[in-house]
Structure formats: C-alpha cells, structure tokens
Asks: 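This is the structure I have questions about; it appears just below.
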Amino acid sequence: MGLTKSSTGSNLLVSDLAFLKDNSDYVIALAGNPNVGKSTIFNNLTGMHQHTGNWPGKTVSNATGNCIYQNTNFLFVDIPGTYSIMSNSEEEEIARDYICFGNPDCTVIVVDGTCLERNLNLVFQTMEITNRIVVCVNLLDEAKKKKININLKQLSEELGIPVVGTIARKKKTLDKLMNTIKEVCERNLRA
Ligand SMILES: Nc1nc2c(ncn2[C@@H]2O[C@H](COP(=O)(O)OP(=O)(O)O)[C@@H](O)[C@H]2O)c(=O)[nH]1
Ligand SMILES: [Mg+2]
C-alpha cells in the first residue's frame with residue numbers, strides 16, 4: 001500500500017518496541033475501532049488503569065502493560081482506536097504505524113459484537129499485513145440483549161483465523177482469549 005517505515009516516520013517506534021520486548025516473551029497488540037473495549041481488556045489483563053469510556057482522544061498513544069499467563073510474560077500494547085489503516089487523524093496514524101510496523105507476535109483485533117460488519121473492515125486490512133492475528137468479538141452481553149447471535153466458529157472458518165468471544169468486564173471470559181493468543185505466538189515459533 002506504499003507505506004514505508006521512513007515515509008511514516010515510524011523508525012523510532014519500531015526500535016522502542018524492540019527494547020521493550022527484551023523483558024517479555026511476546027508482544028501483543030490490541031487494536032480495533034474506538035469504543036469496542038480494548039482498554040477494558042487491557043486493564044483486566046495487565047492490572048493497569050487505562051482510561052475507558054466514551055470520549056474522544058482517550059487513548060492517544062500506545063500504552064503498555066504486562067500479563068503473566070501460564071508462566072509466560074506477555075507485553076500488551078493498547079493502541080488507539082482506528083476504523084482503518086488509511087489514517088485520517090493523529091490517533092489513527094499511531095495505530096496504523098503500530099499495526100503495519102510494530103511487528104508484534106500477535107495482533108488482537110477487538111470488534112463490537114453488536115455491529116460486527118462495520119468492524120470487519122479493519123480485520124480484513126490487518127489480515128493483509130499479518131497472519132499472526134486473533135479476532136476478539138467483544139460486548140457479547142450487549143449483543144445478546146439485542147438478540148444478536150454470532151456464530152463464532154463459522155466466522156473463524158470463513159476468515160481462516162482464530163475468533164474468540166468475550167465480555168471484557170468479566171475477567172473469566174478473557175481466559176480463552178489468552179489461551180488463543182498463546183497458541184498463535186507459539187505456532188509462530190515453530191513455523
Ligand atoms: N456491557 C459491556 N460493556 C463493555 C464491554 N467491554 C467494554 N465495555 C464498556 O464499553 C466502553 C468502552 O470501553 P473501552 O475499553 O474504553 O473501549 P476502547 O475505546 O476500545 O478502549 C466502556 O464504558 C466499557 O466499560 C463488554 O464486553 N460489555
Ligand atoms: Mg481505549
């Protein structure tokens with residue numbers, strides 16, 4: 001798509017993250033449209049306190065935090081919300097640079113289960129950049145209230161990538177997500 005590290009000025013970003021990676025086993029990017037629950041998932045997994053809620057500009061830079069799962073140290077990066085890799089705003093540029101050049105071990109695209117279709121744009125764009133990807137269908141409680149039933153297995157088969165359903169506020173629903181992230185990271189080691 002004609003984007004290079006130097007054209008986007010992201011050289012510094014990539015070297016910064018290479019340094020961060022020294023202390024952890026895997027780096028995991030949390031990406032997705034604004035307001036889908038990325039920071040809620042990030043906070044629940046890392047024990048940190050990123051701002052959550054519905055106001056613009058709340059995550060303007062990449063926040064990082066660690067999560068130890070099954071004796072493995074994962075560094076999570078909560079990147080700003082974005083609708084597209086074709087960025088329009090400062091937040092979207094930060095997100096685009098990270099998705100394209102951050103080279104995480106796994107990119108989790110968090111999507112809103114109440115409006116899946118709109119969210120799939122970013123999933124398709126990211127699939128063109130990496131195959132180390134997990135789709136996290138969040139807000140399943142809200143979807144249920146609206147009588148929206150998502151066939152996660154079929155979605156996974158059609159996309160050809162792992163899909164996990166979550167309710168970000170309920171920590172126990174994040175266990176399957178962690179398990180899947182770990183699998184993707186380890187599969188990559190063997191590949
Ligand atoms: N009901 C419900 N609310 C959620 C869920 N995940 C996040 N939220 C709420 O949705 C709002 C946006 O979440 P946030 O984590 O800030 O989204 P972000 O913009 O993607 O980082 C907050 O008020 C969260 O408490 C969920 O699974 N179910
Ligand atoms: Mg956020």
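None of the values given here were measured: they were computed from a predicted structure. What you see below is based on every heavy atom in this structure, not just the backbone, and it leaves out hydrogens, waters and symmetry mates. Order of listing sets the numbers, starting from 1, for every ligand and every atom in it.
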Asks: Using a 4.0 Å cutoff against the non-hydrogen atoms of V36, which atoms of ligand 1 qualify?
Replies: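 What qualifies from ligand 1 is 17 (O), 18 (P), 20 (O).
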Asks: Is the shortest N/O to N/O distance between G37 and ligand 1 below 3.5 Å?
Replies: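 Yes, G37 has an N/O under 3.5 Å of an N/O on ligand 1.
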Asks: Compare all side-chain heavy atoms of C100 with those of I85 and state whether any distance is below 4.5 angstrom.
Replies: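 Answer yes - side chains close enough.
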Asks: For C185, run the side-chain contact (heavy atoms from CB on, under 4.5 Å) check against I28, V27, T180 and tell me which one passes.
Replies: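 Exactly one pass, corresponding to I28.
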Asks: Taking all heavy atoms of K38 and all of I79, pick out the closest pair and write down the distance.
Replies: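 Here K38 and I79 meet closest at CE-O, 3.6 Å.
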Asks: Would you mind listing which atoms of ligand 1 come within a distance below 4.0 Å of any non-hydrogen atom of K38?
Replies: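 Counting from 1, the qualifying ligand atoms are 15 (O), 17 (O), 18 (P), 19 (O), 20 (O), 21 (O).
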Asks: Going by side chain to side chain donor-acceptor pair (under 3.5 Å), name the pairs with one or both residues in residues 155-177, residues two or more places apart or in two chains.
Replies: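 Checked against side chain to side chain donor-acceptor pair (under 3.5 Å) - neighbours excluded - the pairs reaching residues 155-177 are N138-T166, K153-E157, Q154-E158.
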Asks: Measure from the ring center of F74 to the ring center of Y26 and say whether it is less than 6.0 Å.
Replies: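 Judged by ring-centre distance (under 6.0 Å), F74 and Y26 do meet the cut-off.
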Asks: Is it the case that ligand 1 has an N or O less than 3.5 angstrom from some N or O of S39?
Replies: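 Yes - when backbone and side-chain N and O of S39 are compared with those of ligand 1, one distance drops under 3.5 Å.
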Asks: I'd like to check whether I167 has a polar contact with ligand 1, where a contact means an N/O of the residue lying under 3.5 Å from an N/O of the ligand.
Replies: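 N/O-N/O distance under 3.5 Å: no.
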Asks: Any idea which heavy atoms bring T82 and N33 closest together, and the distance?
Replies: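 The pair with the smallest heavy-atom distance is O-OD1, 3.1 Å.
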Asks: With nothing but distance in play, are any N or O atoms of L140 less than 3.5 Å from an N or O of ligand 1?
Replies: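 No: no nitrogen or oxygen of L140 is under 3.5 Å from one in ligand 1.
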Asks: Kindly confirm or rule out an N or O of D78 lying under 3.5 angstrom from an N or O of ligand 1.
Replies: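 No, D78 has no N/O under 3.5 Å of an N/O on ligand 1.
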Asks: Do D25 and N73 meet the criterion of a side-chain donor-acceptor pair at a distance under 3.5 Å?
Replies: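 Looking only at side-chain atoms, N73 and D25 do not form any donor-acceptor pair under 3.5 Å.
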Asks: From the Mg ion (ligand 2) out to just under 2.8 Å, does an N/O/S atom of N35 turn up?
Replies: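 No, N35 does not qualify, because none of its backbone or side-chain N, O or S atoms lies under 2.8 Å.
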Asks: With a cut-off of 4.0 Å, which atoms of ligand 1 are near a heavy atom of E142?
Replies: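 Matching atoms, with element in brackets: 1 (N).
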